[in-house]
Amino acid sequence: MPYDPTSLSNLDEVKTNHIHLDLAVSFEKKTLSGSAELEIEAIADNVTKVVLDTSFIAIHSVTVAGEALKHTLEKRHEKYGSALTIELAQAVSKGDKVNILIGYATTEECTACQWLEPSQTVGKKHPYLFTQCQAIHARSMVPCQDSPSVKLTYSANINAPLRAVMSAVPTGEEKQANGTTTFKFHQKTRMPSYLIALAVGNLEGREIGPRSTVWTEPEVIEAAAWEFVDTETFIRTGEELLTPYDWGRYDLLVLPASFPYGGMENPCLTFVTPSLLAGDRSLVDVVAHEIAHSWMGNLVTTENWEHFWLNEGFTVFVERKILGRMQGLQRAEFSAIIGHKAMVESVELYGESHPFTALRPCLRGEDPDDAFSSIPYEKGFNLLYYLEKHLGGAAVFEPYLKAHVQEFAGRSINTDDWKAFLYSFMEKTFGQEKVDLLNKVDWEAWLAGTGMPPVDNKFDDTLARACSCLSKKWDQSRHEAHPTEFTPKDLEEFSSTQTTVFLERVSEIDALPHTHLDLMDSLYKLTPVQNAEIRFRWQMVCLKADYEKIYPQVAEFASTMGRMKFCRPLLRSLYHAKNGAELARETFLKHKSFYHPIAAGMIAKDLGLAK
Ligand code: BES
Ligand code: ZN
């Protein structure tokens with residue numbers, strides 16, 4: 001029986017097999033309107049109603065075969081939205097199917113959609129729409145069983161004045177008399193509702209591989225095609241490790257700067273932030289990550305958001321396997337070190353006994369967006385990394401990884417399912433010796449314990465060492481009035497990732513005197529750097545020192561970069577920095593419409609402007 005504390009649907013009585021969307025995109029009204037037809041199947045006997053998740057949706061009609069059905073939009077749950085209760089004309093039994101057609105429109109309060117004015121795009125001429133449904137925002141765009149325990153296929157006809165792309169394979173387009181076009185899509189692989197995705201804008205496509213096109217505004221197409229040339233090699237490496245790629249196409253969509261995440265694994269069409277366009281391919285790990293989701297998350301899906309680590313921990317693990325095969329072990333371990341630091345920061349932010357620092361938190365009554373952090377990613381990765389070493393290395397663990405995908409593809413699972421299969425695979429393939437090893441694992445501490453993981457994995461620190469050394473030198477120089485041991489050459493041999501890690505190390509030591517920050521900036525020319533990771537880390541170093549000279553730069557970056565990984569910590573730190581609180585709030589409020597609704601909601605909470 002699927003369990004999902006963050007869905008209001010009667011998941012124990014019905015499941016959805018397919019959704020067909022017929023929607024018109026209106027940039028004037030900022031709405032999607034039309035219909036969703038859900039093929040619903042009873043999974044119990046004597047089912048008299050279907051309860052769907054909705055959030056800020058206007059329901060116009062509910063019919064089955066042309067007959068109207070009685071329905072009620074229940075009072076809104078603050079976090080989970082309004083249940084739509086539909087009474088069936090007659091009770092149905094296990095295996096029976098009904099096609100429910102719902103006429104509806106999204107509203108201004110839709111949290112999945114961001115409607116951008118032309119001025120908010122790169123080209124400045126055309127409006128733009130994009131959606132972000134993970135974790136529980138699909139319900140604000142489509143009435144559905146918005147739970148990852150439900151997997152469905154979908155098709156869509158999207159009528160729009162500009163090109164539409166979706167997390168599905170395009171199957172045709174028809175020009176309409178009024179100048180709009182209807183774009184058709186089909187997703188044949190069963191997937192959870194949070195992977196429904198749509199973008200509409202002035203989009204151009206450029207082929208970058210045998211199954212990949214990169215889509216973006218024409219102004220950045222060149223840069224995007226250059227940055228992501230390694231896409232096919234990532235996919236092929238994933239296939240070597242796991243199973244053949246199941247989704248047909250793997251396209252990329254480079255979004256406007258307000259996209260709230262680094263990447264989103266929408267099937268057939270990964271969404272990515274334009275902040276990956278560093279011009280040196282140094283940030284494409286994110287693409288390897290989203291490709292890894294093609295198996296971990298999209299084929300094998302968490303049953304509910306309490307087991308989110310099964311999506312993200314596994315994906316990070318595979319991402320680093322791909323990276324290791326393509327760029328060598330040191331590079332992969334360097335990424336693990338960076339991830340470890342992100343986990344430490346998350347644990348510090350929540351506090352080490354906070355329930356959300358557990359690998360498998362309880363989300364009853366909670367908003368999954370509030371529980372989002374690096375912890376499921378990195379604690380999950382560290383558990384798998386530890387298990388691999390503990391059980392005998394890649395020769396034992398890589399066959400297991402593949403078997404995990406073969407066993408669970410097409411299904412939604414929880415941590416108990418995962419663990420049971422791990423045990424049974426190890427016993428069947430390698431015998432009792434591995435079971436004995438598994439029995440030595442402190443499962444309780446790993447899965448339920450809060451704070452840092454119970455085992456401190458050691459990673460190869462070849463690439464990180466130089467970063468720490470340089471940071472230490474700065475630390476030791478803090479009492480010198482005019483340090484002379486530093487030169488612009490210090491960073492010459494560094495990759496841009498090493499520069500980022502150097503700044504990360506500097507942000508861990510006590511704040512440096514402003515004279516030292518002046519010197520660091522004049523030698524290393526950090527303030528003008530455009531690479532978003534470096535720029536972010538440098539600004540964080542400055543904010544920690546209440547270095548007011550940087551404040552205008554922070555306000556500029558945080559109001560033009562909607563990726564939450566950057567804008568949230570920057571605004572939060574500015575808010576807590578000396579004389580920064582007012583500027584932080586002012587910056588956010590002035591640019592509120594720049595942010596995606598999800599980001600705007602989170603920042604408002606961070607700055608004490610909402611609860
Ligand atoms: N699926 C996530 C993004 C996400 C998670 C959106 C939860 C909404 C709710 C995506 O795959 C992701 O993890 N993105 C990271 C990439 C990084 C770990 C390489 C990001 O956005 O930074
Ligand atoms: Zn991910």
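Order of listing sets the numbers, starting from 1, for every ligand and every atom in it.
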Do [X] and [Y] pair up side chain to side chain, a donor and an acceptor below 3.5 Å, judged on atom types alone?
X    : Y    : answer
D369 : H137 : yes
S496 : S282 : yes
D53  : S9   : no
R249 : T213 : yes
E319 : H293 : no

Exercise for review: Pull out every atom of ligand 1 sitting under 4.0 Å from any heavy atom of Q132, numbered as shown with elements.
Suggested key: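 In order of number, 6 (C), 8 (C).
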Review point. Pick from Y194, Y3, F372, Y80: which one makes a ring-ring contact (aromatic ring centres under 6.0 Å, His included) with W305?
Key: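 Testing each of Y194, Y3, F372, Y80 against W305, the sole residue satisfying ring-ring contact (aromatic ring centres under 6.0 Å, His included) is Y194.
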Name the closest protein heavy atom to [atom], giving the residue it belongs to and the distance to 0.1 Å.
atom                    : answer
atom 4 (C) of ligand 1  : Q134 OE1, 3.2 Å
atom 22 (O) of ligand 1 : R563 NH2, 3.3 Å
atom 2 (C) of ligand 1  : E312 OE2, 3.3 Å
atom 10 (C) of ligand 1 : G263 O, 3.1 Å
atom 1 (N) of ligand 1  : E265 OE1, 2.6 Å
atom 16 (C) of ligand 1 : E290 OE2, 3.7 Å
atom 21 (O) of ligand 1 : G262 N, 2.6 Å

Check your understanding: Closer than 4.0 angstrom: is that true for some heavy atom of Y194 and an atom of ligand 1?
Key ->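 No, Y194 has no heavy atoms under 4.0 Å from ligand 1.
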**Study point:** ligand 1 contact by H293, heavy-atom criterion under 4.0 angstrom
**Key:**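 Within the 4.0 Å threshold, so yes.
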Review point. Does E312 bring an N, O or S atom to under 2.8 Å of the Zn ion (ligand 2)?
Key: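 Coordinating: yes.
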Point to revise | Proximity winner for atom 18 (C) of ligand 1, if only heavy atoms of Y261, Y377, F566 are counted | key: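 Looking at heavy atoms only, Y377 sits closest to atom 18 (C) of ligand 1.
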**Study point:** Check ion pair R325-E239 (N to O, under 4.0 angstrom)
**Key:**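 Between E239 and R325 there is no salt bridge, as every charged N stays at least 4.0 Å from the carboxylate O atoms.
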Review point. Would you call K321 and E388 a salt bridge, taking side-chain N to carboxylate O under 4.0 Å as the test?
Key: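 The answer is yes: the pair qualifies as a salt bridge.
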Check your understanding: Relative to the Zn ion (ligand 2), which of the N, O or S atoms in H293 is the closest?
Key ->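 Of all N, O or S atoms in H293, the Zn ion (ligand 2) lies closest to NE2.
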Exercise for review: Work out which heavy atom in A112 is nearest to a heavy atom in H596; give both atom names and the distance.
Suggested key: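 Closest approach of A112 to H596: O-NE2, 2.9 Å.
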Check your understanding: Got an N/O contact under 3.5 Å between D285 and ligand 1?
Key ->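 There is no such contact.
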